[in-house]
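Index from 1, following the sequence. This structure is a prediction, so every number in the text was calculated from the model and none was measured.
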Amino acid sequence: MKNNLLIGQISDTHFVSNNQKLFDKHDTHERLLDIVKTCNQLNDKPDFYIFSGDLIHDDESYYKDFFEICHKLERPIYPMMGNHDKRDFLKKYVKNNLIDNQGYLNYTVSSEILEIICLDTAIEDQIEGNINPTSMEWLENMLKKSDGKPVIIFM
């Protein structure tokens with residue numbers, strides 16, 4: 001039985017496609033390629049990576065290139081919503097088991113020693129977020145099912 005878990009968290013990539021620059025100066029395409037290369041060269045690679053929001057920057061057409069690059073990571077990835085993401089378009093690129101019955105990206109990553117809850121708090125096109133009533137109910141149910149294991153919540 002494995003008694004440890006190494007989690008990689010990558011956040012706020014604000015990816016834009018090749019030959020474009022975020023705010024005319026940040027090459028987030030090249031930065032994501034560098035992140036993947038660096039992660040794949042780590043001696044102690046994480047068991048998986050959580051991409052905790054703002055995967056792309058406002059344009060849903062960026063998801064295709066974003067996920068093509070991310071799938072070059074040598075470990076599984078778990079994407080989350082951010083306020084610059086587009087839920088309906090993002091859902092086309094994630095596994096169904098990462099989408100709850102209400103269409104939010106609420107899911108768990110379970111191991112023998114830890115329960116990880118990824119909670120979709122994004123309000124599209126708004127800076128702030130919230131936990132809507134159906135997500136709160138989902139969260140309460142997941143916490144009850146955690147069976148006493150330690151829990152980490154990403155949101």
Side-chain angles (χ1 to χ4, degrees), residues 1-100 103-129 131 135 138-139 142 146 149-155:
M1 172 170 72
K2 187 174 180 179
N3 62 1
N4 62 7
L5 187 66
L6 188 58
I7 303 166
Q9 180 185 11
I10 301 169
S11 185
D12 293 280
T13 54
H14 288 272
F15 182 83
V16 297
S17 289
N18 201 9
N19 300 321
Q20 296 181 38
K21 293 197 178 191
L22 183 63
F23 307 123
D24 294 323
K25 63 182 182 179
H26 302 291
D27 189 343
T28 60
H29 181 272
E30 194 61 36
R31 286 183 182 175
L32 185 59
L33 289 170
D34 288 344
I35 289 168
V36 169
K37 180 180 177 184
T38 299
C39 289
N40 286 340
Q41 292 174 344
L42 292 172
N43 289 329
D44 293 322
K45 291 182 179 65
D47 293 284
F48 55 86
Y49 293 92
I50 293 181
F51 279 80
S52 53
D54 289 341
L55 310 176
I56 55 105
H57 193 80
D58 295 334
D59 184 338
E60 61 272 2
S61 69
Y62 299 150
Y63 283 122
K64 181 180 183 297
D65 291 342
F66 173 83
F67 280 103
E68 282 179 7
I69 293 170
C70 289
H71 287 303
K72 293 177 183 176
L73 282 165
E74 296 172 352
R75 297 293 192 261
I77 65 167
Y78 294 95
M80 294 180 62
M81 275 288 296
N83 64 303
H84 288 275
D85 289 303
K86 305 294 180 194
R87 188 175 286 107
D88 287 340
F89 292 93
L90 175 56
K91 289 189 305 190
K92 295 176 185 178
Y93 291 92
V94 299
K95 297 174 185 172
N96 285 341
N97 64 332
L98 304 184
I99 303 168
D100 72 11
Y104 292 97
L105 274 80
N106 290 326
Y107 58 89
T108 61
V109 181
S110 298
S111 76
E112 291 181 23
I113 60 167
L114 183 66
E115 200 67 31
I116 297 166
I117 296 176
C118 295
L119 191 60
D120 182 341
T121 61
I123 303 171
E124 285 188 65
D125 301 318
Q126 299 290 319
I127 292 173
E128 66 276 350
I131 302 175
S135 290
W138 178 88
L139 174 60
M142 292 301 108
S146 67
K149 289 191 275 186
V151 176
I152 297 175
I153 300 175
F154 286 88
M155 51 187 205

I need the [X] [atom1] to [Y] [atom2] distance, nearest 0.5 Å.
X: Glu60; Y: Leu90; atom1: CD; atom2: CG; answer: 11.5 Å
X: Asp44; Y: Asn4; atom1: CG; atom2: CG; answer: 9.5 Å
X: Tyr49; Y: Glu74; atom1: OH; atom2: CD; answer: 8.0 Å
X: Glu115; Y: Ile153; atom1: CD; atom2: CD1; answer: 10.5 Å
X: Leu6; Y: Phe48; atom1: CG; atom2: CZ; answer: 9.0 Å
X: Gln9; Y: Ile50; atom1: CD; atom2: CD1; answer: 7.0 Å

Main-chain N/O of [Y] paired to [X] side chain as donor or acceptor, under 3.5 Å:
X: Asp12; Y: Asp54; value: no
X: Lys86; Y: Asp59; value: no
X: Asn83; Y: Glu128; value: no
X: Thr13; Y: Leu55; value: yes

For Phe67, enumerate each residue passing the ring pair (Phe, Tyr, Trp, His ring centres under 6.0 Å) test, keeping only those at least two apart in sequence or located in another chain.
His71, Tyr93
Ring pair (Phe, Tyr, Trp, His ring centres under 6.0 Å) against Phe66, all qualifying residues, sequence neighbours excluded
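Listed in chain order: Phe15, Phe51.
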Show me, pair by pair, the donor-acceptor contacts under 3.5 angstrom made by side chains of residues 28-37, not counting sequence neighbours?
unit_1	atom_1	unit_2	atom_2	d
Thr28	OG1	His14	O	3.2
Thr28	OG1	Val16	N	2.9
Arg31	NH2	His26	ND1	3.4

Please identify each residue that fulfils side chain to side chain donor-acceptor pair (under 3.5 Å) with Asn106, with sequence neighbours left out.
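Once residues adjacent in sequence are excluded, the partners of Asn106 under the side chain to side chain donor-acceptor pair (under 3.5 Å) criterion are Asp100, Ser135.
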Gln20: side chain to side chain donor-acceptor pair (under 3.5 Å) partners, not counting sequence neighbours
Tyr62
Nearest heavy atoms of Lys72 and Glu68, plus distance in Å
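Heavy atoms of Lys72 and Glu68 come nearest at CG-O, 3.6 Å.
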Heavy-atom pair of closest approach, residues Ala122 and Asp120:
N-OD1, 3.2 Å
Evaluate side-chain contact (heavy atoms from CB on, under 4.5 Å) for Ile7 paired with Asp47, printing each intermediate quantity in order.
CA-CA 6 Å; Ile7 303 166; Asp47 293 284; over 6 Å; no
Within 6.0 Å of NZ in Lys149, more than 12 heavy atoms from elsewhere:
yes
Taking salt bridge (Lys or Arg N to Asp or Glu O under 4.0 Å) as the test, write out the residues that go with Lys92, two or more places apart.
none
Among Leu119, Ile116, Ile117, Val151, exactly one meets side-chain contact (heavy atoms from CB on, under 4.5 Å) together with Thr108. Which residue is that?
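That would be Ile117; it is the only one of Leu119, Ile116, Ile117, Val151 passing the side-chain contact (heavy atoms from CB on, under 4.5 Å) with Thr108.
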Mind running side-chain contact (heavy atoms from CB on, under 4.5 Å) on Met80 and Leu105 for me, showing each step along the way?
CA-CA 7 Å; Met80 294 180 62; Leu105 274 80; over 6 Å; no
